[in-house]
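Shown next, in C-alpha cells, is the structure this report addresses.
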Amino acid sequence: MDQSVSLAGLNLKNPVMTASGTFGYGLEFTPYGDLAALGGIVVKGLSLKPREGNPMPRIAETPSGMLNAIGLQNCGVERFLSDKLPRLPWKATPILANLYACDPDEFGELAGVLAAEEGVAALEVNISCPNVKEGGVLFGQDPSQAAKVTEAVKKRCGSKPVMVKLSPNVADIVGIARAVEAAGADCLSLINTLTGMAVDVRTRKPRLANVVGGLSGPAVKPVALRCVWQVSRAVNIPVVGMGGISSAMDVLEFILVGAHAVQVGTANFTRPDFAFRLVEELPQVAASMGVTDWESFRGSLDVG
Amino acid sequence: MPKPTCQDVSVLRITPHGPEGLSHGLWLIELENPGWQAVRPGQFAMLRPTAWGFEPLWARPFSICRATPERLAFLIQAVGRGTRLLTGLKQGDTVTVWGPLGHAFNTEPGVRTLMLAGGVGIAPFVEYSAAHPTPSNLTLLFGHRPPLSCYPYEDITRLAAASAFRETSPQDIPLFVARIEEAMADHAGGLALACGPTPFLRTVRNAALKLGVRCQLSLENRMACGIGACLGCVATDSEGHHVQSCTRGPVFWANEITL
C-alpha cells in the first residue's frame, strides 16, 4: 500500500516522524539509518538565543517511562541554521523546526527567522513544555494565551504550515485545540509530556534537580490515545499523535483513533535505529491488520 | 573515526570475576563483537538486553574493557536494577549494543602515563594497557573495596607497573588521596588518566590542577541515549556551558570541565 501521507500541505513518505527533544538535531542519528527514509524530522526545540537548560540530574527512569527536565537546552536558532540544517536531508524529507519563546512577540520573531529558511518545511510551536519556569505551560493551559501565540506565529510564518503542540496538563484539551484551530493553526501535535515527579526515600531528595519533569514513554500512551481521539473528532485540521509509541502496532492505534501521522519520541532512546526499523516494519504490520489505505483507516475506531 | 553501529548480538560468556566476584557483584560479560574494528580505549557502548521490552526503558552505558575481533568484554558491577538484570543474563541471550561511542583517552607512546582507577573504573585501562605501544611507560594506581581478584587487575600487571590500595574504612580515604597525589607528583611532566566514581575523579582533578599535571578524566553519568540526543548526561565545562558526557566525553581534560 502507499505509505505516504499529506499533512497540511506537507508530503510525508510515511506517517512516522521523530519527536522534538528525542532526536537531537537529527544528525546524531545518521550512523544508524537513512534520515531521508523518515516521514519527517522534528528537531530539538529552538529558541532565539542558545540556552544552557536545567541543572543535573535532568532525567529519571520510571516504570515503563522516564521523566525529563532538560529545560530546553539548545544551540539557538542561528547556530541551528548555520551548522545543523545544511547537513540535514531537507530536500528529501520534511524538517520541522520546533520553537519555543517566552512571549508572543518573541515567538513571532523566531517563527519569521525559521520560516524564511528553505530547508525548514514547517514549524511546530511548543506551547506546552512544562519544564521552563518562565512560561511554556501557561500558554498551553489557557485557550486565549494559546491562541495569541498561534496568531503571532501565523503572522510571521509566510506559507509554511504551523503545527501547534498541545500539553495534556489541562482540564480540557479540546478547548485548547479549538482555540488554536480558530487562531489559524494548520495542524496539531499531541501530546507533550505529562508533568510528574520521582523521589528517592533514601536520600529524601527529588530525582530531578528541577523537582518536577515531563513524563514520557509507554506509560503515557493511554493518555495520549485518549487525547488524540477527543481532539481529532473535535477539530477540522489534521492531528499528529504521539505519546509512548513503541511499535508499528502503536502507530496503527494512533491512526485508528484519528491521527494523520505520528511522532516517535522516547523509544528513540531504547535503540538509536528505532525509528528507521519502525518505518521498515510498518507496511507489513499495516497489511497484516487489513489496512489498505491510510485515508479509510484513519479514525475508523468503532465505538459502537 | 569509524561510524558507530547498533546491532543485536549474543552473550558469548558471562561469569563472576574471580572466586569472590559473585558475592561482590562483579561480573565479566563477553558479547559477540558486531564488527567494531577500531575501538579506542576509553570509549564506551550502550547495552540493552532485547528481553527488557519497556522495562527498564534505558540501555546502560559501559566502558569497553577489552575488544578483540571476536568479542567485546565489559566489567559490570551489580549496583542497581539495570546492572543486576544485566548480570543475570545467560550465555546465548541477545543484547542490543551500540557504539563504540565517545572520546577515548590519549595514547602518548613516549610519555610516562599514570592510570588512576577507582573500583569498576579499572575497566578501560585493561584495553588501554593492551593497546598501548610502550606499556613500560604505564603505571597503574588502583583503589578498590572488594578483593583484588574481583577485578581484571592482573590483566594490567602483566603489562604495566601497578599498585593497589584497598579501602576498608572511611579512615582509609585520606591515605588513598595521599597516594594519588604522590603518584601524580611523580608524573609531573607526564600524563594522568582517571576513571572511577565522581568523588574519586574530583580528588584526581584537584590534585592535577594543584600539581600542574596534564590529566584526563572519564566521567560517569546516567545516560538515556548515549549519542548526544537526550541531553540527560551533561557536564559543565570550564566556561559554564552544558556539554554531553556521551559525545563530548566521556573523557575530558581535567581543566576543561568542573565536577
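All chains are named by letter (A, B, ...) in the order of the sequence lines, taking the proteins before the strands, and each is independently numbered beginning at 1. All values below were derived from every heavy atom in this structure, side-chain atoms included, with hydrogens, water molecules and symmetry-related copies excluded.
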Please determine whether side chain to side chain contact (heavy atoms under 4.5 Å, CB included) holds for the pair A/Leu114 and A/Leu81, giving the CA-CA distance in whole Å, both sets of side-chain angles, and the decisive distance to 0.1 Å. CA-CA 8 Å; A/Leu114 286 164; A/Leu81 296 179; 4.1 Å; yes
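- When side chains are defined from C-beta on, A/Ser167 does not count as touching A/Ile127, because their heavy atoms never get closer than 4.5 Å.
- For a residue to count as touching a neighbouring chain, one of its non-hydrogen atoms must lie under 4.5 Å from one of that chain's; by this rule B/Met223 touches chain A with the backbone only.
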Show the numbers, then the answer: is there a side chain to side chain contact (heavy atoms under 4.5 Å, CB included) between A/Lys165 and A/Met242? CA-CA 10 Å; A/Lys165 185 168 179 177; A/Met242 81 189 94; 3.8 Å; yes
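- With a threshold of 4.5 angstrom between heavy atoms, A/Pro50 does not approach chain B through any atom at all.
- Comparing A/Gly21, A/Gly217, A/Pro31, A/Gly24 by how many heavy-atom pairs each has under 4.5 Å with chain B, the most go to A/Pro31.
- For chain B, the nearby part of A/Met56 is the side chain; its heavy atoms alone come within less than 4.5 Å.
- Counting heavy-atom pairs closer than 4.5 Å to chain B, the top-ranked of the candidates A/Ala60, A/Pro57, A/Gly244, A/Gly26 is A/Ala60.
- The shortest side-chain heavy-atom distance between B/Leu259 and B/Phe252 does not fall under the 4.5 Å cut-off.
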Heavy-atom donor-acceptor pairs under 3.5 Å, chain A with chain B:
from	atom 1	to	atom 2	distance (Å)
A/Glu52	O	B/His242	ND1	2.5
A/Glu52	OE1	B/His242	N	2.6
A/Glu52	OE2	B/His241	ND1	2.5
A/Arg58	NH1	B/Leu231	O	2.9
A/Arg58	NH2	B/His242	ND1	2.9
A/Glu61	OE1	B/Arg60	NH1	3.4
A/Glu61	OE1	B/Arg60	NH2	2.7
A/Glu61	OE2	B/Leu57	N	3.1
A/Glu61	OE2	B/Trp58	N	2.7
A/Glu61	OE2	B/Arg60	NH1	3.1
A/Ser64	N	B/Glu55	OE2	2.2
A/Gln73	NE2	B/His242	O	3.1
A/Arg271	NH1	B/Asp8	OD1	3.1
A/Arg271	NH1	B/Thr96	OG1	3.4
A/Arg271	NH2	B/Asp8	OD1	3.4

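- Among the candidates B/Ala235, B/Cys225, B/Ala224, the residue making the largest number of heavy-atom pairs closer than 4.5 Å to chain A is B/Ala224.
- For the side-chain contact (heavy atoms from CB on, under 4.5 Å) with B/Phe200, the lone residue among B/Ile180, B/Ile173, B/Val177 that qualifies is B/Ile180.
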Apply side chain to side chain contact (heavy atoms under 4.5 Å, CB included) to A/Leu35 and A/Phe276, showing your working. CA-CA 8 Å; A/Leu35 292 177; A/Phe276 308 107; 4.0 Å; yes
